[in-house]
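These notes are about the structure you will find just below.
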Amino acid sequence: MGLKGFVEGGIASIVAGASTHPLDLVKVRMQLQGGEPQVPNPALHPAYRPALAGNSTGLCNGSLHVAPPPRVGPISIGARIVQTEGMAALFSGVSATVLRQTLYSTTRMGLYDILKRKWTDHNSGSDSGNNLPLTRKIYAGLIAGGVGAAVGNPADVAMVRMQADGRLPKDQRRNYKSVIDAISRMSKQEGIASLWRGSALTVNRAMIVTASQLASYDQVKETILERGVLSDGIGTHVAASFAAGFVAAVASNPIDVIKTRVMSMKMEAGAAPPYSGALDCAMKTVRAEGPMALYKGFIPTISRQGPFTVVLFVTLEQVRKLFKDL
């Protein structure tokens with residue numbers, strides 16, 4: 001029974017992750033807006049212009065005035081990616097997404113299912129984890145998410161870098177050929193430890209996402225069935241999925257922004273890294289861009305989290321039906 005939970009969760013997660021990958025890529029690009037300092041070059045960047053002595057900005061003679069880059073929305077970013085990098089760029093890093101779902105989501109889904117069954121009161125007549133108190137569902141999600149994230153962090157780092165690569169100037173791009181190439185080059189060039197860069201953030205985010213997403217889905221589904229609002233079918237699964245996706249997006253977005261920036265930061269030889277850690281990244285982000293910067297990419301996050309969660313749980317329920325008698 002335990003192994004079946006891992007297989008069912010893994011299949012559903014891979015299908016959901018691959019099908020919603022373009023939305024995840026747009027979210028990552030939005031979260032990086034304003035988070036990577038660019039080298040001023042007037043010849044390449046019209047937004048930079050020389051500031052004259054004695055002007056109203058008070059800048060010294062010969063310095064450069066940096067015009068703040070305009071903020072753009074998810075549709076504009078998606079259209080720009082297609083125009084400048086081609087349609088295939090929307091699936092940049094999809095191999096890393098598949099590997100990440102294979103490692104991370106398979107682990108968290110299977111472990112969550114095991115913990116639910118283990119903690120269920122068998123005197124209630126249910127061995128599936130139904131009617132488990134919400135607090136225990138949350139605890140199960142926290143544990144399952146943390147373990148899954150620790151296992152899948154290398155693929156997560158590779159995925160973020162591959163998704164963000166097209167945003168960098170051509171001479172600074174890493175141009176990873178695949179997730180295997182990304183992990184191999186990171187290990188050789190930056191050390192094995194680089195594969196777990198931002199792992200604390202990944203684990204924290206995964207614990208929050210798994211606890212809010214899986215526990216919310218189970219709780220909403222049980223409530224709908226108990227009150228007789230809908231029968232146990234696609235309608236119930238979709239409704240519970242949307243609720244779970246919204247809760248997970250609200251809870252995880254700030255950590256997701258910091259995780260994305262820490263994982264994608266460019267490390268220069270002999271130079272201090274842009275961020276010394278998660279807290280430093282959070283403080284610099286809020287100080288430079290305001291508190292709402294932690295919710296950058298929220299629209300594509302909820303736009304991705306909603307469909308992802310729906311595809312995840314609808315697929316999971318169908319796979320469970322297929323494997324029911326196995």
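Looking at every heavy atom in both residues, I299 comes nearest to P74 through CG2-CG, 4.0 Å. The two residues G191 and S194 come nearest to each other via the heavy atoms O-OG, 2.7 Å. S252 and V209 get closest at one heavy-atom pair: CB-CG2, 3.4 Å.
Residues Y104 and D156 are not in side-chain contact: their nearest non-hydrogen atoms beyond the backbone lie 4.5 Å or more apart. By the 4.5 Å heavy-atom criterion applied to side chains, F6 and I114 are counted as neighbours.
Looking at R174 and Q189, their side chains never bring a donor and an acceptor atom within 3.5 Å of each other.
Taking the charged nitrogens against the carboxylate oxygens, K27 and D24 do have a contact shorter than 4.0 Å, which makes a salt bridge. With salt bridges taken as basic N to acidic carboxylate O contacts below 4.0 Å, one links R205 and D256. Ion pairing of E85 with R29 is present here, as a side-chain N (NZ or NE/NH1/NH2) and a carboxylate O approach within less than 4.0 Å. A salt bridge is defined here as a Lys NZ or Arg NE, NH1 or NH2 lying under 4.0 Å from an Asp or Glu carboxylate O, and E190 with R161 meets this definition.
The structure places CE of M159 at 5.0 Å from OG1 of T97, a figure rounded to the nearest 0.5 Å.
Taking the six-membered ring where tryptophan is involved, the planes of F298 and F246 are perpendicular, since the angle between them exceeds 60° and thus also 30°.
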